[in-house]
Amino acid sequence: MPRETKAPTLDEIRQWPATVDVPTGGAAFGMPRSTAYEAVKTGQFPARVLKVGGRYRVVTASIVRALSEEEAAA
């Protein structure tokens with residue numbers, strides 16, 4: 001049985017540091033780890049992703065922006 005990924009609230013996300021790792025960023029959109037990495041790889045991740053050294057980091061402000069836009073559209 002697949003594990004459910006519980007998305008954090010927008011208020012919780014606003015408390016995150018400036019950047020987060022890909023699994024954490026993906027969790028904001030309800031994505032499992034593997035889906036989040038695949039979205040980064042294909043350029044389809046719904047927030048801004050930076051490559052820092054050999055690691056990817058997701059910009060928290062872009063997560064908040066994307067989720068705020070989704071909320072406004074709903």
Side-chain angles (χ1 to χ4, degrees):
M1 176 180 278
R3 242 177 41 189
E4 246 183 73
T5 305
K6 182 186 176 297
T9 67
L10 196 51
D11 286 335
E12 290 170 335
I13 295 167
R14 287 187 175 110
Q15 302 302 313
W16 289 357
T19 64
V20 293
D21 60 22
V22 172
T24 302
F29 298 98
M31 292 181 187
R33 176 186 180 97
S34 60
T35 303
Y37 276 111
E38 184 63 28
V40 168
K41 180 180 170 185
T42 61
Q44 300 298 308
F45 198 84
R48 185 168 178 217
V49 178
L50 305 172
K51 189 166 185 180
V52 181
R55 297 176 187 246
Y56 290 101
R57 302 292 294 176
V58 182
V59 178
T60 301
S62 69
I63 296 171
V64 170
R65 208 170 17 256
L67 293 174
S68 295
E69 289 171 4
E70 284 181 14
E71 214 172 65

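Residues satisfying the side chain to side chain contact (heavy atoms under 4.5 Å, CB included) criterion with E12, sequence neighbours excluded, are P8, T9. For T24, the side-chain hydrogen bond (donor to acceptor under 3.5 Å, both in side chains) criterion is met by D21, not counting sequence neighbours.
The nearest pair of heavy atoms linking A36 to G26 is CB-CA, 3.9 Å. Listed here is the closest heavy atom pair of Q15 and D11: CG-O, 3.5 Å.
Pairs passing the ring pair (Phe, Tyr, Trp, His ring centres under 6.0 Å) check and including a residue from residues 51-72, sequence neighbours excluded, do not occur. Applying the salt bridge (charged side-chain N to carboxylate O under 4.0 Å, His left out) definition to pairs two or more places apart or across chains, none involves residues 49-64. Annotation: ring pair (Phe, Tyr, Trp, His ring centres under 6.0 Å) contacts involving residues 26-45, sequence neighbours excluded, comprise F29-F45.
L10 and V20 end up in the same hydrophobic cluster when Ile, Leu, Val, Met, Phe, Trp and Tyr side chains are linked at under 4.5 Å.
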Show the atom names and distances, to 0.1 Å, of all donor-acceptor pairs under 3.5 Å that link a side chain in residues 58-67 to residues at least two apart or in another chain.
unit_1	atom_1	unit_2	atom_2	d
T60	OG1	P17	O	2.5
T60	OG1	A18	O	3.3
S62	OG	R48	N	2.9
S62	OG	V59	O	2.6

